**Q** 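Submitted below is the structure of interest, expressed as C-alpha cells.
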Amino acid sequence: MRILVVGAGPAGTRCALRLAESLPAARVTLAGAEAALPYDRVALSKLLTGEAEVAGLITHPLAALRGAGIAYRPATPIAAIDRAAGAAVTARGEALRYDRLVLATGSAAIRLNLPGAALPGVVAYRTLEDVQAIRRAAIQGARAVVIGGGLLGLEAAVGLAARGMKVTVVHAVGWPMERQLDATAGELLTRRLGLRGIAFAMPASTVAIEGATRATGVRLSDGSLVPASLVVMAVGIRPQVTLAEAAGLAIGRGIQVDDAMRTSDPAITAIGECAEHRGRCIGLVAPALEQAEIAARAIAGEAVAWAPRADAAALKVSGTAVWSAGDIAAANAESIVLRDEAAESYRRLLLRDDRLIGAVLYGDTADAGFYLDLIASGRALGGRRQLLAFGPAHWREAA
Ligand SMILES: Cc1cc2nc3c(=O)[nH]c(=O)nc-3n(C[C@H](O)[C@H](O)[C@H](O)COP(=O)(O)OP(=O)(O)OC[C@H]3O[C@@H](n4cnc5c(N)ncnc54)[C@H](O)[C@@H]3O)c2cc1C
C-alpha cells in the first residue's frame with residue numbers, strides 16, 4: 001500500500017510514524033511544503049527570544065525518519081490532487097501515487113488585507129521562516145507593532161521585547177486574550193506586560209501600514225500613527241483547505257471528516273488544524289496529535305473514533321502563569337471568584353447546573369489539571385461546591 005501524508009507539521013509527522021510502525025509493508029511518504037525537517041512549532045517563541053536555535057527545535061532528524069521507514073520530501077508543496085488517478089501532483093509537476101492519502105496541511109496565518117500589508121517589515125508569526133524573518137528585522141531599541149493581542153500576538157510581543165524592541169500591541173477588544181480570559185484577568189495581564197515594556201492600544205483597529213519602501217508605522221482608525229519598523233500580524237489562523245477544496249472534498253471551515261478522520265472520499269483522511277470534525281476545527285497541538293493517532297489506526301483497519309475533549313490554553317511566555325479551559329463566556333453561568341490582590345492571583349470558575357464548565361486561572365495555575373478534569377468529566381459538584389475555589393486538597397478532604 002502506498003500512503004502519502006501531505007504536511008509535515010506535528011499531525012502529519014505523527015501519523016506517518018504510526019503508519020510506518022503499524023503497516024511495515026506499506027510505503028509511507030511524508031511530503032511537506034516547508035524546507036526544514038519537522039520541528040516544534042509550539043517552541044517557536046524560544047527561537048524568537050533566542051533561548052533556542054533552529055537545531056534545538058527539530059523534532060525528527062532525517063536519520064530517524066529514514067530509520068522509521070518514512071520517505072521524507074521537504075520543500076515539496078502539493079499543488080493538486082487527482083482523485084481519479086490516485087495521485088497528488090507536486091508544484092514541480094511530479095505525480096506521487098497513493099492508495100491512501102492523509103491531508104495534514106494545518107493552518108495559515110491570516111494576513112489582513114490592509115494598504116501597505118505587503119511592505120517589507122510586515123511579517124506573520126506561524127513558521128520557522130517567519131521567525132527567522134522577524135529575527136533579521138528586529139533591531140534593538142527600534143519600535144515594533146504586533147497586530148492582535150491573542151495568545152500568539154502576546155507571545156510575539158514578549159519575544160520582541162526580549163530582543164530589546166519597544167513593542168505596542170494593537171488589539172480590537174478591550175483586553176488581551178479575550179477568548180481565554182475575562183476582563184479582570186486581561187487587565188492583570190496588561191499591567192504585568194506593561195512592566196515588561198509592552199504598551200497596548202485597545203480597543204483599536206488598524207486601517208493601514210504606512211511606509212514608502214518598507215513599514216514605518218501603523219495607522220489606527222482614530223487617525224493616530226504608531227511608529228514601527230517591524231509589524232507582526234497575529235490576527236488568527238485559517239485552515240489550509242485549498243487543495244482539498246479544488247479536489248472536490250466536502251469543506252466547511254475545514255476539511256470535513258467523520259469520527260475516524262475520513263473525508264468525503266474514503267481513500268482520503270484529514271487530521272490536525274486543517275480538519276473539521278462535527279463542525280469544529282481544532283487549534284492546539286494535543287488534539288492534532290490525538291487525531292493523527294486515530295487516523296493511523298483507522299487506516300490500519302481498526303474501528304476507532306476520535307472524541308474531542310475540553311480545550312485548555314496557557315500563555316507560555318508572560319512571566320506570569322495564565323491558564324484557561326472550557327467555556328469562559330457562557331451565558332447563564334454562575335461565577336465563583338477568588339482573588340488575592342497582594343499575591344496577584346485570581347481565579348474565576350464558571351458553573352452551570354452544578355457542573356464546572358469553564359475556568360480562568362491567573363498567577364497561580366497549579367490546580368489547572370484538577371479543574372480541567374472536572375470540566376472534561378462533567379461530574380456534578382454535589383455538596384462540595386463551596387470548596388471548589390480552594391483546589392484539590394480541600395476537595396479530597398471533604399470527599
Ligand atoms: C508560534 C506558535 C505557538 C504555538 N503555541 C502553542 C501552544 O503553546 N500550545 C498548543 O497546543 N498549540 C500551540 N500552537 C499551535 C500548534 O502549533 C498547532 O496546533 C499545530 O502545529 C497544528 O499541527 P498541524 O500538523 O495540524 O498543522 P501545522 O503545524 O500547521 O502543519 C501543517 C504543515 O503542512 C504544510 N502544508 C500545508 N499545505 C501543504 C501542501 N499543499 N503541501 C505540502 N505541505 C503543506 C505546512 O507547510 C505545515 O508545515 C502554536 C502555534 C504557533 C504558530
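Since this is a predicted model, take the numbers as computed values, not measurements.
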**Q** Quick one: do Val232 and Leu128 end up in the same hydrophobic cluster if we chain Ile, Leu, Val, Met, Phe, Trp and Tyr together by side-chain heavy atoms under 4.5 Å apart?
**A**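 Yes: a chain of side-chain contacts under 4.5 Å links Val232 to Leu128.
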**Q** For Pro24 and Glu21, which heavy atoms make the closest approach, and how far apart are they?
**A**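 Smallest heavy-atom distance, with atoms named: CD-O, 3.7 Å.
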**Q** Same cluster or not: Leu361 versus Leu381, using hydrophobic residues (I, L, V, M, F, W, Y) connected whenever any side-chain heavy atoms lie under 4.5 Å apart?
**A**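 The answer is yes; both residues are in one hydrophobic cluster.
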**Q** Could you grab the distance from atom CD1 of Ile209 to atom CD1 of Ile147, nearest 0.5 Å is fine?
**A**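 Between atom CD1 of Ile209 and atom CD1 of Ile147 there are 4.0 Å.
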**Q** Can you see whether Thr76 engages Thr90 through a side-chain donor-acceptor pair at a distance of less than 3.5 angstrom?
**A**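 No, no side-chain donor-acceptor pair sits under 3.5 Å.
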**Q** Would you find a donor on one side and an acceptor on the other, under 3.5 Å apart, between the side chain of Ser324 and the backbone of Val360?
**A**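 A pair under 3.5 Å: no.
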**Q** Around atom CZ of Arg27, are there more than 12 heavy atoms of other residues, nucleotides or ligands at under 6.0 Å?
**A**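 Atom CZ in Arg27 is not packed in, count stays at 12 or less.
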**Q** Would you say the side chain of Tyr39 lies within less than 4.5 Å of the side chain of Ile58, judging by non-hydrogen atoms?
**A**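 Ile58 reaches Tyr39 side chain to side chain.
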**Q** Before accepting this row, confirm whether a basic side-chain N of the pair Glu276/Arg253 lies closer than 4.0 Å to the acidic partner's carboxylate O.
**A**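 Looking at Arg253 together with Glu276, the answer is no, because their closest N to O distance does not fall below 4.0 Å.
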**Q** Main chain of Arg18, side chain of Ser22: is a donor-acceptor contact present, judged purely on distance under 3.5 Å?
**A**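 At least one qualifying donor-acceptor pair exists.
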**Q** Give a yes or no on whether the backbone of Arg379 and the side-chain of Ser377 come within a donor-acceptor separation of less than 3.5 Å.
**A**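 The answer is yes, because a donor-acceptor pair under 3.5 Å joins these two groups.
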**Q** Taking a hydrophobic cluster as the set of Ile, Leu, Val, Met, Phe, Trp and Tyr residues connected by side-chain heavy atoms closer than 4.5 Å, whether directly or through intermediates, do Val5 and Leu23 fall within one such cluster?
**A**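 Yes; tracing contacts between hydrophobic side chains, which count when under 4.5 Å, links both residues.
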**Q** Is a donor on one side and an acceptor on the other found under 3.5 Å between the side chain of Arg66 and the backbone of Ile70?
**A**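 Checking the backbone N and O of Ile70 against the side chain of Arg66, no donor-acceptor pair under 3.5 Å is found.
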**Q** So which heavy atom on Met177 is nearest to which on His171, and how close?
**A**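 Shortest heavy-atom separation between Met177 and His171 comes out as N-NE2, 4.2 Å.
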**Q** Working to the nearest 0.5 angstrom, can you tell me the gap between Leu189 CG and Glu344 CD?
**A**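 Going from CG on Leu189 over to CD on Glu344, the span is 10.0 Å.
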**Q** So with a 6.0 Å cut-off around CZ of Arg355, is the heavy-atom count from everything else above 12?
**A**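 Counting neighbours around CZ of Arg355, more than 12 heavy atoms of other residues, nucleotides or ligands fall under 6.0 Å, so yes.
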**Q** If you look only at pairs with a residue in residues 100-115, which of them pass as a side-chain hydrogen bond (donor to acceptor under 3.5 Å, both in side chains), with sequence neighbours excluded?
**A**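 Those involving residues 100-115 are Ser107-Glu273.
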**Q** Side chains of Val158 and Leu193: closer than 4.5 Å at any heavy-atom pair?
**A**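 Yes. Closest side-chain heavy atoms under 4.5 Å.
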**Q** Mind checking what makes salt bridge (charged side-chain N to carboxylate O under 4.0 Å, His left out) contact with Asp265, not counting sequence neighbours?
**A**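 Scan of Asp265 (salt bridge (charged side-chain N to carboxylate O under 4.0 Å, His left out), adjacent residues dropped) gives Arg83.
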**Q** Report whether Ile237 and Val123 are members of the same hydrophobic cluster (ILVMFWY, side-chain heavy atoms less than 4.5 Å apart, transitive linking).
**A**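 No, Ile237 does not connect to Val123 through the hydrophobic network.
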**Q** Specify the closest pair of heavy atoms between Ile294 and Asp259, including all atoms of both residues, with the distance to one decimal.
**A**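 Answer, listing the atom of Ile294 first, then Asp259: CG2-O, 4.0 Å.
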**Q** Hydrophobic clustering (ILVMFWY, side-chain heavy atoms < 4.5 Å, transitive) - are Leu96 and Ile81 grouped together?
**A**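 Same cluster.
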**Q** Treating Thr365 as the side-chain partner and Ala368 as the backbone partner, does any N or O pair qualify as donor plus acceptor under 3.5 Å?
**A**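 Side chain of Thr365 to backbone of Ala368, a donor-acceptor pair under 3.5 Å: no, none is there.
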**Q** Could you give me the CA-CA distance, side-chain angles and deciding distance for Trp175 and Glu187, then say whether side-chain hydrogen bond (donor to acceptor under 3.5 Å, both in side chains) is met?
**A** CA-CA 6 Å; Trp175 69 91; Glu187 270 160 37; over 6 Å; no
**Q** Using a 3.5 Å distance criterion without hydrogens, assess whether the side chain of Thr263 forms a donor-acceptor pair with backbone atoms of Val257.
**A**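 Side chain of Thr263 to backbone of Val257, a donor-acceptor pair under 3.5 Å: no, none is there.
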**Q** Is there a side-chain contact between Tyr362 and Arg347, using heavy atoms and a 4.5 Å cut-off?
**A**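 Result no, sub-4.5 Å side-chain heavy-atom pair not found.
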**Q** Evaluate Leu181 against Ile328 for side chain to side chain contact (heavy atoms under 4.5 Å, CB included), listing each step before the verdict.
**A** CA-CA 7 Å; Leu181 302 182; Ile328 65 122; 5.5 Å; no
**Q** What distance separates Leu350 CG from Ile336 CD1, expressed to the nearest 0.5 Å?
**A**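 Taking CG in Leu350 and CD1 in Ile336, the distance rounds to 9.5 Å.
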**Q** Keeping the roles fixed (side chain from Thr168, backbone from Ala199), state whether a donor-acceptor pair exists under 3.5 Å.
**A**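 Absent.
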**Q** Flag yes if more than 12 heavy atoms outside Glu129 fall under 6.0 Å of its CD atom; otherwise flag no.
**A**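 At most 12 heavy atoms, drawn from other residues, nucleotides or ligands, come within 6.0 Å of this atom.
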**Q** State whether the side chain of Arg384 and the backbone N or O of Trp395 hold a donor-acceptor pair below 3.5 Å, judged by distance alone.
**A**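 The answer is yes, because a donor-acceptor pair under 3.5 Å joins these two groups.
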**Q** For side chain to side chain contact (heavy atoms under 4.5 Å, CB included), just list the numbers for Thr29 and Tyr98, CA-CA rounded to whole Å, side-chain angles, deciding distance to a tenth of an Å, and then say yes or no.
**A** CA-CA 9 Å; Thr29 302; Tyr98 67 81; over 6 Å; no
**Q** Check whether any side-chain heavy atom of Gln132 sits under 4.5 Å from a side-chain heavy atom of Val54, and report yes or no.
**A**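 Contact flag for Gln132/Val54 side chains = yes.
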**Q** Can you tell whether the side chains of Glu34 and Arg126 come within less than 4.0 Å, N to carboxylate O?
**A**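 Salt bridge absent between Glu34 and Arg126.
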**Q** So do Glu94 and Arg73 actually touch side chain to side chain, heavy atoms under 4.5 Å?
**A**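 A side-chain contact exists here, since the closest heavy-atom pair is under 4.5 Å.
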**Q** Look at the side chain of Asp364 and the backbone N and O of Ala366, then say whether any donor-acceptor pair between them is shorter than 3.5 Å.
**A**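 Pair found, side chain donor or acceptor close to backbone of Ala366.
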**Q** Measuring from Ile282:CD1 to Gln291:CD, what's the distance to the nearest 0.5 Å?
**A**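 Taking CD1 in Ile282 and CD in Gln291, the distance rounds to 4.5 Å.
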**Q** Begin from the C-alpha positions of His277 and Gln256 and carry the test side-chain hydrogen bond (donor to acceptor under 3.5 Å, both in side chains) through to its verdict.
**A** CA-CA 6 Å; His277 174 264; Gln256 290 173 340; over 6 Å; no
**Q** Any heavy-atom pair between the side chains of Leu57 and Leu44 that's under 4.5 Å?
**A**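 The answer is yes, as the side chains (C-beta and beyond) meet within the 4.5 Å cut-off.
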**Q** Are any of the side-chain heavy atoms of Leu230 and Arg163 separated by less than 4.5 Å?
**A**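 Leu230 vs Arg163: side chains apart.
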**Q** Between Ile299, Val6, Leu4, which is the residue that forms a side chain to side chain contact (heavy atoms under 4.5 Å, CB included) with Val102?
**A**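 So the option named by the test is Ile299.
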**Q** Without swapping roles, check the side chain of Tyr371 against the backbone of Leu388 for a donor-acceptor pair under 3.5 Å.
**A**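 Confirmed, Tyr371 side chain pairs with Leu388 backbone.
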**Q** Take Val170 and Val146 through the test side chain to side chain contact (heavy atoms under 4.5 Å, CB included) and record every step on the way to the result.
**A** CA-CA 6 Å; Val170 176; Val146 176; over 6 Å; no
**Q** Assess whether side chain to side chain contact (heavy atoms under 4.5 Å, CB included) is satisfied between Val167 and Val145, documenting all intermediate values.
**A** CA-CA 6 Å; Val167 186; Val145 163; over 6 Å; no
**Q** Side chains of Glu155 and Tyr125: any donor to acceptor distance under 3.5 Å?
**A**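 Yes, a side-chain donor-acceptor pair sits under 3.5 Å.
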**Q** Would you call Arg278 and Asp258 a salt bridge, using N to O less than 4.0 angstrom?
**A**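 No.
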**Q** Over all heavy atoms of both residues, which pair between Pro287 and Trp306 is shortest? Give the atoms and the distance, please.
**A**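 What the structure gives for the nearest pair is CB-CZ2, 3.8 Å.
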**Q** Run the salt-bridge test on Arg297 and Glu302 with the 4.0 Å N-O cut-off and return the result as yes or no.
**A**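 Judged by the 4.0 Å cut-off on N to carboxylate O distance, Arg297 and Glu302 do form a salt bridge.
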**Q** Can you see which heavy atom on Ile357 is nearest to which on Ala333, and at what distance?
**A**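 Looking at all heavy atoms of both residues, the closest pair is CD1-CB, 4.1 Å.
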**Q** Give me the atom names and distance for the closest heavy-atom approach of Ala389 to Leu349.
**A**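 In this case the closest contact between Ala389 and Leu349 is CA-CD1, 3.6 Å.
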**Q** Do Leu17 and His60 have side-chain heavy atoms sitting under 4.5 Å apart?
**A**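 Side chain of Leu17 against side chain of His60, heavy atoms only: contact under 4.5 Å found.
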**Q** For the NZ atom of Lys166 and the OG atom of Ser229, what is their distance to the nearest 0.5 Å?
**A**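 It is 10.5 Å, given to the nearest 0.5 Å.
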**Q** Quick one: side-chain hydrogen bond (donor to acceptor under 3.5 Å, both in side chains) partners of Asp327, sequence neighbours excluded?
**A**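 side-chain hydrogen bond (donor to acceptor under 3.5 Å, both in side chains) check on Asp327 returns nothing, list empty.
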**Q** Once you round to the nearest 0.5 Å, how far does CD1 of Ile271 lie from CE of Met261?
**A**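 It comes to 7.5 Å.
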**Q** If the threshold is 4.0 Å, N to carboxylate O, is there a salt bridge linking Arg352 and Glu334?
**A**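 Answer for the salt bridge query: no.
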